[in-house]
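Read the structure below first, then the notes.
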Amino acid sequence: MATDLKNTIQLPKTDFAMRANLVKREPERIAHWEKLDLYAAIQKKRAGAPAFVLHDGPPFTNGDVHIGTALNKVLKDIVNRYKSMRGFRTPFVPGWDCHGLPIEQKVTAQLRAENKTVSTAEMRALCGEFSEKWIAHQTKQFKRVGVLADWASEYKTKAPAFEADIIRTFAAFVEKGLVYRSKKPVYWSIPFETALAEAEIEYKDHVSPAIWVKFPVPTGEAHKYDLPADKPLSVVIWTTTPWTIPANLAIAVNPDVEYVVADLGEERIVVAELLLPSVLAAARIETAPVIDKKLTGAALEKLAPRHPFIDRTAPVVLADYVTTESGTGCVHTAPGHGAEDYLTGLKYSLPIYCPVADDGKYIDDGQIPADLVGLATLETVEDLAAKRTSPANIAVLKKLDASGALLAKAKYTHSYPHCWRSKTPIIFRAVDQWFVSLDNKVLGIRLGEEEPMTTPITPRKEALWSIQQVAWVPPSGEKRITGAVESRPDWCISRQRSWGVPIIAFYDDKKNPYLDAGVIRAVAEKIEKHGTNYWYDATPAQILEGVALPATWPAADALACGRDTLDVWIDSGSSHAAVLKRGQGGTQWPADLYLEGSDQHRGWFQSSLWTSVAAYGAAPYKRVLTHGFIVGADGKKISKSGQYEKPPTSDNYIAQYGADVIRLLFASQNFTEDLRVSNLDTDLKNPASILNVVAEAYRLFRNTFRYQLSNLFDYDHARDAVPYSKMDTLDRWALHQTAALIRECTAAYDAYEFHRVYQLCNQFCSVTLSAVYHDILKDRLYTHATNSPQRRSSQTAIHEIFHTLAKLLAPVLAFTTDEAWSFATAKNEYIDGDSIHLRDWPVAPAEWTDATLEADIAALLKTRAAVTEAIEPLRAAGKIGKSLDAVITLNAAAGAPERALYEKHRDFLPELFIVSQVEIADAPGAPAIEVSLASERGLHRCPRCWRSVPALHATPHGDVCPRCAEALQAFQVDK
RNA sequence: GGGCUCAUAGCUCAGUUGGUUAGAGCACGCGCUUGAUAAGCGCGGGGUCGAUGGUUCAAGUCCAUCUGGGCCCA
C-alpha cells in the first residue's frame, strides 16, 4: 500500500551526481572543451563585439605552477569568463617569461655537474629547452585549473619576433637619448659575475666583522684645524665590510652633528659626541676620557687623515645621511662600493675606485698591498656553511691590527643583501653599465597628440602623468606605483650573462661603446629573421652588412659585438608592444586590464609603464587590478606557515579538492588582501579548515543545482512554462529574490569583488532556497498533480532560477556549472556544442521585481520563524516530529496590520509554514502564536502528502486527502 | 628602518555620511526528518569589533600611539 502510494509521487530524478568526484570529472570536461574548441567558439560568438582585453603577465618558466600563480590565472579566467558572458569579445593571449638568471643558473649547475663547458649559443639553446619544458608543464597545470585561453597564440619572450620587439624597445630608449654608460656601483653577484637587478636581491641576516678603525691625522693637519697635536690623533670610523677599507677614499661626517676630540690617555680620537660611549665600550675603555674639544661636523670638512695602511689621504666630506644611530658618526666612504658613497664621491670629485675584479678578488693596481692581491672579498657558500668570514676581511683585520689602527672589533649580525639564487652575500662594485636616465628632459609624444610636446619633459614626469590616467584597483595601488616611480633610481638595464636579449652595442678595440637607434632597429630586423643566436654566431661585419652606420663610427670590421644582455624586466615590460600593438590573438593596445600580484607595482606594472611611456607616451593599460598573496591559515606567508609535506603547487591542491573548489576558494576571499589557505596536509582532517569549509560551500551549490535539476525531470520549458502573470505567489517571490541576486552579483563582478558573489550566492542557496523556497516546494512538486498549475509554476521558477544561478556562478565554478548545464539542457534544449560559457549573462525581467510582494513575504517569514520557534518545545517534549503534524493559530486583533497580512495570504500560510492548518483568531490575552497537534484537532493524516486534513477520500490507492485524490486521478489518466 | 596595506564570532564576509541589546553563511552543540538521504529542516551556544589613549552626549565606525601579519624598498 505505502509502496503503491509512493509510486504515485513525483520524486526528484536526475543523473547529475550528488558526489562531485571533481578529480575524475574535471579532466573529462577539459577534454570535452578541447573537443568543442570552447575558446574559439566563445571568440566566434563575440566576434565584432566590443573587446575587453586582459593582458596576461607572463609567469616565469622554471617550475611547477604554485598555488599563488594559480590564484592569479584563475582570477584572470573569472574576469574573462564574466566579461565574455556580458557580451564582450575577450581575447586572452597567455604569456611566458623565458629569459633570466634562475634558468641560466639551473642549466649552468647541470652543466657543471656533468663537467661540461659549452659556447654561449649552446648555453642559450639549453636554456631555451629548459624554458620550453616548463611551458609545457605549466600549460597543462593552468588548463587543469580551468584556465581558458588562446594557447595557440601564446607569447614567449624568447621567440625571435618577441626578442626583436624587446630590442626595439631598447631602440626607443636610445632614440630619446636616455641611454648612457657609466661606472656605478651595482649589486654584484660574485658566483655569477654579474650585476643583479633589485628584484634579484634578497635580504638575509649576515654575521659581519664590525671594526672601529683609526685614521691618523697628521700633525700639520691637526694644527690647521686647531686640534690638539701633542698626542697621536685619529678619526675613528666604523664599518661592517673590512674588505672595503683598501678602497676607502674619504670619511663622511654629518655637518650638523656634534663631534668631540676625546683624550684616551695615550692618544686622542675624533667621534660623534653621542656615540663616544658606545665606541669606548667597544674598545673596552673604562676610564672616562677628557673631552678636549667639541665641534660640528661642518668644521671638519676637508681635514685629511691618512689611510691606515695605504699611502694616501682620506679627506673628511660632509653628508646628510650620516646619523648617530650606530658606528662613530664618521662614515668610511668608498665611492666604488656603495650607493651613497658613490654620490658623495661625485660631489667631491673623488675617483669611483674599485680595486675588485669580476670574481670578487682584489686586483693588482699598484695601490693594493701585495699581500691582499687575489684575496676574495666576500664569503662563498662554503665559507658561510663553515661560518667563517672572507679571506679579505681576515687579511684586512690583520693589517689594521699590525699598523695599530684597529681600535676595536666585534661580530655584527645585520640584514645584508644576498644574491637570490646563490644565497651568497653580494658586493657593491662599480662597473661599466648601461643606464636609462629617467630624469633627462626629452620631447615626448602624448597619446592622442600627433605633434611632439613642445616642452621637454622627463620620463619620470611623463610616467607620473600616465599613472593618473589609469584606474587602480584597489585605489591604494596608485600610491604604491607612484612611490615606486618617484623613488626609483636610473634604470640599470645591462646584465653580464647569456640567457637574455643582447644589448645591441658595439665596441672598438679601446672598448669605446657605439650605440645608435637606427643600427639597433636594423639589427632587430635581422634577429627577428634569424633568431637571437645570430648576434652570438655572426661576425660584426655580417651583422652590420647593409646597415648604414653613423658617420662617427669606425668600419664594421673594426668593431666587436657587446656581450651584455638586457634586464629581463625589459622583456616582460615589452609585452604590450610585442603582443597588444601587433594585435596578437585579436588583442589590442592599450589593455583594458592588467591583473597581477601587488608585488608587480615595482615589477611588471612599472617596467611596462616605462617602456610604454618612452615609446608611446602613455600607460599600456586602462585599469590595473592587484591581488594579495596566499598565506597560511595563521596569516603568515605560506613558506613559514605550518608544516608542508607536499609542495604548495596548484596540482597538489587540485589532486585533493578539485579545481572548482580551489577556484571557489579564490573567489571566497577578498583578494585585494592576502588570501588564507589551509595547510594541505595538516588541515585536511579539520572540518573547520578553510579549504574544507569552502568544499562544504561547494557541496551546497552542487546540491542546489541537483535539487533543481532533479525536480525538472518532467518539465519541458517550451510546453510547461507558466507565464509570470499566472505564477504562484511564492514563485513570484522567489523570482523577486533572484532578480535581486542578479543585480547584486553583477555589481559585485563589475567591481571585481568576487567574494561578494560568493557570499550572496551562498546565502541565496542556503537561506532563500534551501531553508525556505525549496523546502516549501517539495510538497507541490512531489504530491501535486503532474500538470497542476501550481506545480508547473514552481517548475518554471526553478527553471529560471537554475539558469540564473548557474550563470552567475559560471565564471567561478567553471566546471560544475557547465556539467550541471549539460544535464539541464540534454533533454530539451541541448544543442551539440553547447556550454554555459557560451551563454549570455542573466537579465531579470522588470516584472520579477515586486516590492510589495517582497515586503509581505518578508513579514510573513518573520512569523514563520516565530512559528518554528513555537513548535520547538513540542518537538523537544517528543510530542511532534514533522512540522506538518502541527496546527497553528495566529492571534491578531481585527484591524492590526498583521491581521490584514494574514487574511491576505490566508490560503498560502499552511504551505509557507509547512504545517497542516493555520487558523487566524483573535483570542484576547492568548499568545500571538499557538501550536496544537493535528491529531488532537480531529484531523486525519493523508498517507500520501502527510498533511492532516478534516477528512480523507477513498481511492483505489487507499484513503487520501482530497487534493491527493485529485492528483491520483490525473495520475491514473497519465498511466 | 622607510612606503603601502590589513586586523569584526573557530572560518569567510556585512556593517551606509559615528547613533538603539554588532549581523550573515559556514563550522560547532542539541533535536527533527528519512519522499534532496554520504542529503534536508529547526533550535541553540559563541564576539570587551587586535591593544591603549583621545575627540564626542554617543565610536567597530574619527584621531594618535602601540602590537601582530602581508607586499615592496633600505
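Keep in mind that what you see is a predicted model, and the values were worked out from it rather than measured. Residue numbers start from 1 in every chain, and the chains themselves are labelled A, B, ... in the order their sequence lines are given, proteins ahead of strands.
In this structure, A:R676 atom CZ and B:A7 atom P are separated by 11 Å, rounded to whole Å. The distance between atom CG of A:D779 and atom P of B:A36, rounded to the nearest whole Å, is 12 Å. The distance from atom CZ of A:F671 to atom C1' of B:C13 is 15 Å, rounded to the nearest whole Å. Separating the CH2 atom of A:W472 from the P atom of B:G3 is a distance of 21 Å, rounded to the nearest angstrom.
Rounded to a whole angstrom, the distance from the P atom of B:U16 to that of B:U61 is 11 Å. Rounded to the nearest Å, the gap between the C1' atom of B:A9 and that of B:C28 is 12 Å. Comparing B:U56 with B:C63, their C1' atoms are spaced 12 Å from each other, to the whole Å. B:G60 sits 26 Å from B:G44 when the C1' atoms are compared, rounded to a whole Å. For the P atoms, the distance linking B:C6 with B:C62 amounts to 11 Å, nearest Å. Using atom C1' as the reference point in both B:G42 and B:A14, the two lie 25 Å apart (nearest Å). Rounded to a whole angstrom, the distance from the C1' atom of B:A59 to that of B:A38 is 48 Å. On the C1' atoms, B:C13 is 32 Å away from B:C73, given to the nearest whole Å.
Closest to the A:A771 side chain, of the nucleotides B:G42, B:A38, B:C26, is B:G42. In the set B:C41, B:C72, B:C43, the nucleotide with an atom closest to the side chain of A:D599 is B:C72. Among the nucleotides B:G35, B:A74, B:G42, the one closest to any side-chain atom of A:Y187 is B:A74. Picking from B:C71, B:G42, B:U37 the nucleotide with the shortest atom distance to the side chain of A:K637 gives B:C71. Nearest nucleotide to the A:H755 side chain, out of B:G35, B:A14, B:U12: B:A14. Which of B:C26, B:A24, B:C4 sits closest to the side chain of A:S476 comes down to B:C4. With B:A39, B:G35, B:G25 as the candidates, the nucleotide lying closest to the side chain of A:V767 is B:G25. Comparing atom distances between the A:I9 side chain and each of B:G35, B:A36, B:C4 picks out B:G35 as nearest. Counting only heavy atoms from C-beta on, A:R875 has its side chain closest to B:G42 among B:C26, B:U34, B:G42. Comparing B:U37, B:G35, B:G42 by their nearest atom to the side chain of A:T783 picks out B:G35.
Heavy atoms of A:Q669 sit under 4.0 angstrom from primed sugar atoms or phosphate atoms, though from no base atom. Contacts of A:G881 with the nucleic acid, taken as non-hydrogen atoms under 4.0 Å apart, involve only primed sugar atoms and P, OP1 or OP2. The residue A:N703 sits close to a base: some heavy atom pair falls under 4.0 Å. Nucleic acid contact for A:T672: none, since no nucleic acid atom lies under 4.0 Å from a heavy atom of the residue. No engagement by A:T626 is indicated, since no non-hydrogen atom pair under 4.0 Å with the nucleic acid exists. When heavy atoms are screened at a 4.0 angstrom cut-off, A:P873 is found touching no nucleic acid atom at all. Among the atoms of the strands shown, none is found under 4.0 Å from any heavy atom of A:V694. Nucleic acid contact class of A:E696 (heavy atoms, under 4.0 Å, all strands): sugar-phosphate only. Counting any heavy atom pair closer than 4.0 Å across all strands shown, A:R19 reaches a base atom. Within the nucleic acid shown, A:E673 comes within 4.0 Å of sugar-phosphate atoms alone, with no base atom in reach, counting heavy atoms only. Among the protein residues, A:S710 comes within range of no part of the nucleic acid, since none of its heavy atoms lies under 4.0 Å from any strand. Within 4.0 Å of A:A697, counting heavy atoms only, lies no atom of the nucleic acid at all. Residue contacts for A:N670: at a heavy-atom cut-off of 4.0 Å it reaches the sugar-phosphate backbone alone, with no base atom in range. Note on A:R702: nothing from the nucleic acid sits closer than 4.0 angstrom, heavy atoms only.
We find the NE2-OG1 distance between A:H332 and A:T244 to be 2.5 Å, quoted to the nearest 0.5 Å. To the nearest 0.5 angstrom, A:L665 atom CG is 11.0 Å from A:N692 atom CG. Distance CG/A:L675 to CD/A:E673: 9.0 Å, rounded to 0.5 Å.
B:G10 is paired with B:C26 under the criterion used here, namely a Watson-Crick or G-U wobble arrangement in which both key atom distances are under 3.5 Å. Across all strands shown, B:G1 pairs with B:C73; the Watson-Crick or G-U wobble distances both stay below 3.5 Å. The partner of B:U34, taking Watson-Crick or G-U wobble pairs whose two distances both stay under 3.5 Å, does not exist in any strand shown. Both distances falling under 3.5 Å, in either a Watson-Crick or a G-U wobble arrangement, occur for no nucleotide opposite B:A39. Remark: B:U52 base-pairs with B:A64. Criterion, Watson-Crick or G-U wobble with two distances under 3.5 Å. Nucleotide B:C57 forms a Watson-Crick or G-U wobble pair with B:G19, both donor-acceptor distances falling under 3.5 Å.
Between the A:N762 side chain and the A:Y758 main chain, no donor and acceptor come within less than 3.5 Å of each other. A donor-acceptor pair under 3.5 Å is absent between the side-chain atoms of A:R602 and the main chain of A:R480, judged by distance alone.
Because its NZ or CZ atom is both nearer than 6.0 Å to the ring centre of A:F16 and within 45° of the ring axis, A:R702 counts as a cation-pi partner of that residue.
Between A:T868 and the phosphate of B:C43, there is a side-chain N or O to OP1/OP2 separation shorter than 4.0 Å. Between A:R706 and the phosphate of B:U37, there is a side-chain N or O to OP1/OP2 separation shorter than 4.0 Å. Considering only side-chain N and O atoms, A:K479 lies nowhere under 4.0 angstrom from the phosphate OP1 or OP2 of B:C4. Listed pair A:K636 / B:G68 fails the phosphate criterion, with no side-chain N or O lying under 4.0 Å from OP1 or OP2. A:Y698 has no side-chain polar atom (N or O) that falls below the 4.0 Å cut-off from OP1 or OP2 of B:C26.
Between the side chain of A:S770 and the base of B:A36 there is at least one donor-acceptor pair of N/O atoms closer than 3.5 Å. Taking only distance into account, the side chain of A:R480 meets the base of B:C71 through a donor-acceptor pair shorter than 3.5 Å.
Positionally, the nearest nucleotide of RNA chain B for A:Y707 lies more toward the 5' end than for the other of A:Y707 and A:F629. Comparing A:N762 and A:W946 along RNA chain B, the residue whose closest nucleotide (by nearest heavy atom) sits nearer the 5' end is A:N762.
Looking at A:D714, A:N711, A:D779 one by one, the single match for side chain to side chain donor-acceptor pair (under 3.5 Å) with A:R791 turns out to be A:D714.
Aromatic stacking of A:F764 on B:G25: not satisfied for centres closer than 5.5 Å together with planes under 30 degrees.
Contact record, A:A633 with A:R676: O-NH1, 2.9 Å, taken as the closest heavy-atom pair.
For the pair A:D885 and A:K879, the salt-bridge criterion is not met [side-chain N within less than 4.0 Å of a carboxylate O].
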> Going through the distances and angles, do A:I638 and A:V631 end up as a side-chain contact (heavy atoms from CB on, under 4.5 Å)?
Replying inline: CA-CA 5 Å; A:I638 203 160; A:V631 296; over 6 Å; no
